[in-house]
Number of protein chains: 2
Amino acid sequence: MKSEQKNITIQHVAERAGVSKMTVSRVLNHDSKVSDSTRAKVMAAVQDLNYRPNISARQLAGSKSYFIGLLYDNPSQGYVSQFLLGALKRCRASGYHLVVDECQGELKDKVRITRDFVNSTRVDGVILLPPLCDVPEVLETLKQSGTPFVRIAPDVDLEASPYVCMDDYQAAYEMTNEIIEAGHRDIGFIIGHPNQGASRLRYQGFLDALRSNRINFPPEYIEQGYFTYKSGLQAATKLLGLANRPTAIFASNDDMAAAVTSAAHIHGLSVPDDVSVVGFDDVELASTLWPPLTTIRQPIAEMAEAAIELIRSGKLNDERSKRRASNRHVIDFELIRRESLQLKT
Amino acid sequence: MKSEQKNITIQHVAERAGVSKMTVSRVLNHDSKVSDSTRAKVMAAVQDLNYRPNISARQLAGSKSYFIGLLYDNPSQGYVSQFLLGALKRCRASGYHLVVDECQGELKDKVRITRDFVNSTRVDGVILLPPLCDVPEVLETLKQSGTPFVRIAPDVDLEASPYVCMDDYQAAYEMTNEIIEAGHRDIGFIIGHPNQGASRLRYQGFLDALRSNRINFPPEYIEQGYFTYKSGLQAATKLLGLANRPTAIFASNDDMAAAVTSAAHIHGLSVPDDVSVVGFDDVELASTLWPPLTTIRQPIAEMAEAAIELIRSGKLNDERSKRRASNRHVIDFELIRRESLQLKT
DNA sequence: CAGGTTCATGTTATCGATAACAGAGAAAAC
DNA sequence: GTTTTCTCTGTTATCGATAACATGAACCTG
């Protein structure tokens, strides 16, 4: 019904190469020792027939499914896209495919969706994006199912599974140094959402950079935000309304930094001439706005690649290497220099 | 290795219900006539054992794979996320799963990735997002493979497959009317990328709305853009620099509308007090910026649902219903009223 | 009431791969 | 020179479901 040409199976390849199906299977799996000459014959036959193994048959017969699951609830829109970019690149290179699902809703919905997902797809492993990766019940469900999983930038319960992340503390530290090196001494800071660990780390990095440069600052230079544009607008309005207003403002994410830029316009201030602004994350908005934001690029695609590689390598199944290796895999960030931060004249 | 508990198969369900495997299979597939009493027994057994059919076995034995493919090259970041939202919702409701891949690169890479994708995943159908859905070679590859496919907002070769879209012309027409009803008579327009059909349709909708309201306008009110922020900035600078500058500007997408807002600030003009701005698409940016943009919401999630439904229903396989039904499925847009458009005083 | 229909269910073969074991031949060991 | 070992390849059973066909009971129908 579905396909015009008959599917080419491992049997056809075997006949053409003049060997048994099993030998073909071995070649395809880079498996044990096959002589170079037969390997060449088989590869030639595979090429000639343009053979692709049937994933379902593989999955049914073997232990691997060649599918990796990606689960998320509600990260920002760009996050998923960028993650897919890196993940798919690595999947394609290794014959895997990505099955995606989304766990919105109540806690019990998340658990149910997660359980049904692993039960019905039988993926080799699951990747959890934030903030889903911090829901203990979901982690527990996955553990019970026996499916290995990797978390991206988790916040809590770091022992629960391997995870991939970036160093928020160090990034904030370096960004603060960058601002200081541009000549600024009066630097405002907008903290992120108090429930997210990244907020603490970024704040701490900022504080420590100031301290190590022996810069003191009045308490009114610190404002609490919630990672939203709106909260950034309120915080920025306070900061820019100060008699001794800061000459640079470091917002804990780009949305709030964009809000700072808008607030500056409303106050009749120019960015970056009157006030410098920097953000964090390097979302699409950061390079779209004028002036484009100096910010920290989160290596989302690279984290994705690392996560795929962890699952693919099978290290998560193996108790021995599980204990040997560290759970933590840190990927380098990048400080992106754009026009929103300027040398203080 | 992977799973602690032995997998429960259709055999276990059959034994527990005291029937044959085949009967269980029939119940699961809402298939032919099974007596209500046995159906109840089977369903009870399924519940008790928390049984989920093994997708690979189903796929291998049967004609359906319960996987649907999603292919794209480079739509905007938000597009993919929003599409996934709708698609996954519908998939979950019907026991399907979504396998995602991305076709970046040269033409021959796109073709190769597409071919490998359908060969190795054996999905029941493929959804193509723009602009990938307008690559004739990819369409040809899919046709040859015999895999049914649906396109989202295609631009060319509309006979090639069923597709889901919105009415760009009508949306632009209504938006223009909205501007006129707000009292504006001097309306600037920024055209989108000349290679994309949506640009023509939106432009034509704008023109026809003006004509039907008997409004004339000087040629310098029309500027060519390319759907990018940068091109919007240039176009807006020209429009706002005119001696008889328009009191409202309709940009063919939100990125360019955002640029118009920035350009207005640079010219010392306030939005919407001095100049109204409207966009198209309702991307994330549109509600993040200040003032938030009046725009047209593209029903991306709804188009996704419709596309899944087309594949799931199997209408694409069946030659008879293929000929009977129209290829075109239009989903309603929505005009989103926000602060960037104001009554002309 | 014999013979055909229909309905509900069971039986057997099959999808396309891998696992586990078996075996043949060459190289190494005694 | 025989046994052992190792390398390579083939055979058979199996994964968990559905397709296609077979069967037996109930139900008409003339």
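Within every chain, numbering begins at 1; the chains are lettered A, B, ... in the order of the sequence lines, protein sequences first and strands thereafter. Hydrogens, waters and symmetry mates play no part in the numbers below; they use all other heavy atoms, side chains included.
- The side chain of A/Pro53 has C/dA17 as its nearest neighbour among C/dC15, C/dA17, D/dG10.
- If you measure from atom CD1 of B/Ile10 to atom P of D/dG16, you get 11 Å, rounded to the nearest angstrom.
- We find that CD of B/Gln59 is positioned 16 Å from C1' of D/dA19, with the value rounded to whole Å.
- Taking a cutoff of 4.0 Å between a charged side-chain nitrogen and a carboxylate oxygen, B/Glu137 and B/Lys110 do not qualify as a salt bridge.
- Residue A/Thr38 is classed as a sugar-phosphate contact, given heavy-atom separations below 4.0 Å to backbone atoms only.
- When distances are taken from the side chain of A/Val19 to each of C/dG16, D/dG10, D/dT18, the shortest belongs to D/dG10.
- Of the residues near DNA chain C, B/Met22 and B/Leu60, the one whose nearest nucleotide (by heavy atom distance) lies more toward the 5' end is B/Met22.
- Taking a 6.0 Å sphere around CE of B/Met43, one finds it holds 12 or fewer heavy atoms contributed by other residues, nucleotides or ligands.
- Of the side-chain N and O atoms in A/Asn54, none sit less than 4.0 angstrom from OP1 or OP2 of C/dC15.
- At whole-Å resolution of the value, CD1 in B/Ile55 and P in C/dG16 are 18 Å apart.
- Contact between the side-chain N/O atoms of A/Ser35 and the OP1/OP2 oxygens of D/dT9 is found at a separation under 4.0 Å.
- Note: CG (A/Asn29) to P (C/dG16) measures 18 Å, nearest angstrom.
- For A/Ser20, counting side-chain heavy atoms from C-beta on, the closest listed nucleotide (D/dT11, D/dA17, C/dA17) is D/dT11.
- When the P atom of C/dT14 is taken as reference, atom CD of A/Gln11 falls 14 Å away, rounded to whole Å.
- With distances taken from any side-chain atom of B/Ser25 to the nucleotides D/dG10, D/dT18, C/dT11, the minimum falls on D/dT18.
- Under 3.5 Å, the side chain of A/Arg26 and the base of D/dG10 form at least one donor-acceptor pair of N or O atoms.
- The closest donor-acceptor contact from the side chain of B/Ser65 to the backbone of B/Asp124 lies under 3.5 Å.
- Between B/Leu28 atom CG and D/dG16 atom P the separation is 15 Å, expressed in whole Å.
- Computed from coordinates, the B/Arg39 CZ to C/dC7 C1' distance equals 14 Å when rounded to whole Å.
- Protein atom CZ of B/Arg52 is 16 Å distant from nucleotide atom C1' of D/dG16, rounded to whole Å.
- Put simply, A/Ser56 has no side-chain N or O that comes within less than 4.0 Å of OP1 or OP2 on C/dA17.
- Two residues, A/Lys21 and A/Asp36, neighbour DNA chain D, and the one matched to the more 5' nucleotide by heavy-atom proximity is A/Asp36.
- Using a 4.0 Å heavy-atom distance criterion, A/Tyr66 is classed as making no nucleic acid contact.
- Within a 6.0 Å radius of NZ in A/Lys89, no more than 12 heavy atoms belonging to other residues, nucleotides or ligands are found.
- Judged by distance alone, the side chains of A/Arg115 and A/Thr141 never bring a donor and an acceptor atom under 3.5 Å apart.
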